[in-house]
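All remarks here apply to the structure that follows.
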Amino acid sequence: MEPLVLSINDTAKALGVGRSSIYALIKSGGLDAIKIGRRTLLTTESVRRIAQPRPLA
């Protein structure tokens, strides 16, 4: 079964960016984050959505 959420570190590794970029994406609304206790977790759905190629304008 595929995980429903990913940690900040796992998301950064999957997207090939740094942790600060992940936090910037959360702040801008690009990634959906949930807090469970002290942990910030990101939905795999939002990670997939942001990783989708977009047509160039």
Side-chain angles (χ1 to χ4, degrees):
M1 176 181 235
E2 182 179 328
L4 299 175
V5 293
L6 297 169
S7 69
I8 297 288
N9 287 338
D10 289 343
T11 302
K13 286 179 190 174
L15 295 177
V17 299
R19 289 169 43 95
S20 59
S21 296
I22 298 300
Y23 285 111
L25 285 166
I26 293 168
K27 188 174 181 177
S28 71
L31 287 171
D32 299 329
I34 58 172
K35 290 285 279 185
I36 298 178
R38 291 174 45 177
R39 295 190 71 191
T40 301
L41 300 169
L42 305 156
T43 63
T44 53
E45 181 181 320
S46 69
V47 174
R48 275 204 186 95
R49 185 177 62 235
I50 204 156
Q52 291 295 318
R54 294 182 179 90
L56 297 175

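FYI, the numbering just counts along the sequence from 1. Owing to the predicted nature of the structure, the values given are computational and were not obtained by experimental measurement.
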Who else is in Leu25's hydrophobic cluster (ILVMFWY, side-chain heavy atoms under 4.5 Å, direct or via others)?
-> Leu6, Ile8, Leu15, Val17, Ile22, Tyr23, Ile26, Leu31, Leu42, Val47, Ile50
Glu45 and Asp32: CA distance, side-chain angles, deciding distance, side-chain contact (heavy atoms from CB on, under 4.5 Å) verdict = CA-CA 8 Å; Glu45 181 181 320; Asp32 299 329; 5.6 Å; no
Linking Ile, Leu, Val, Met, Phe, Trp and Tyr by side-chain heavy atoms under 4.5 Å, what else ends up with Met1?
-> none
Closest non-hydrogen contact found for Arg49 with Arg54 is O-NH2, 3.7 Å
Are there more than 12 heavy atoms of other residues, nucleotides or ligands under 6.0 Å from atom NZ of Lys27?
-> no
What residues, two or more places apart in sequence or in another chain, satisfy side chain to side chain contact (heavy atoms under 4.5 Å, CB included) together with Ile36?
-> Ile34, Leu41
Distance (rounded to the nearest 0.5 Å) between Arg48 CZ and Glu2 CD = 4.0 Å
Considering all heavy atoms of both residues, which atom of Arg39 and which atom of Ser7 are nearest to each other, and what is their separation?
-> NH2-CB, 3.7 Å
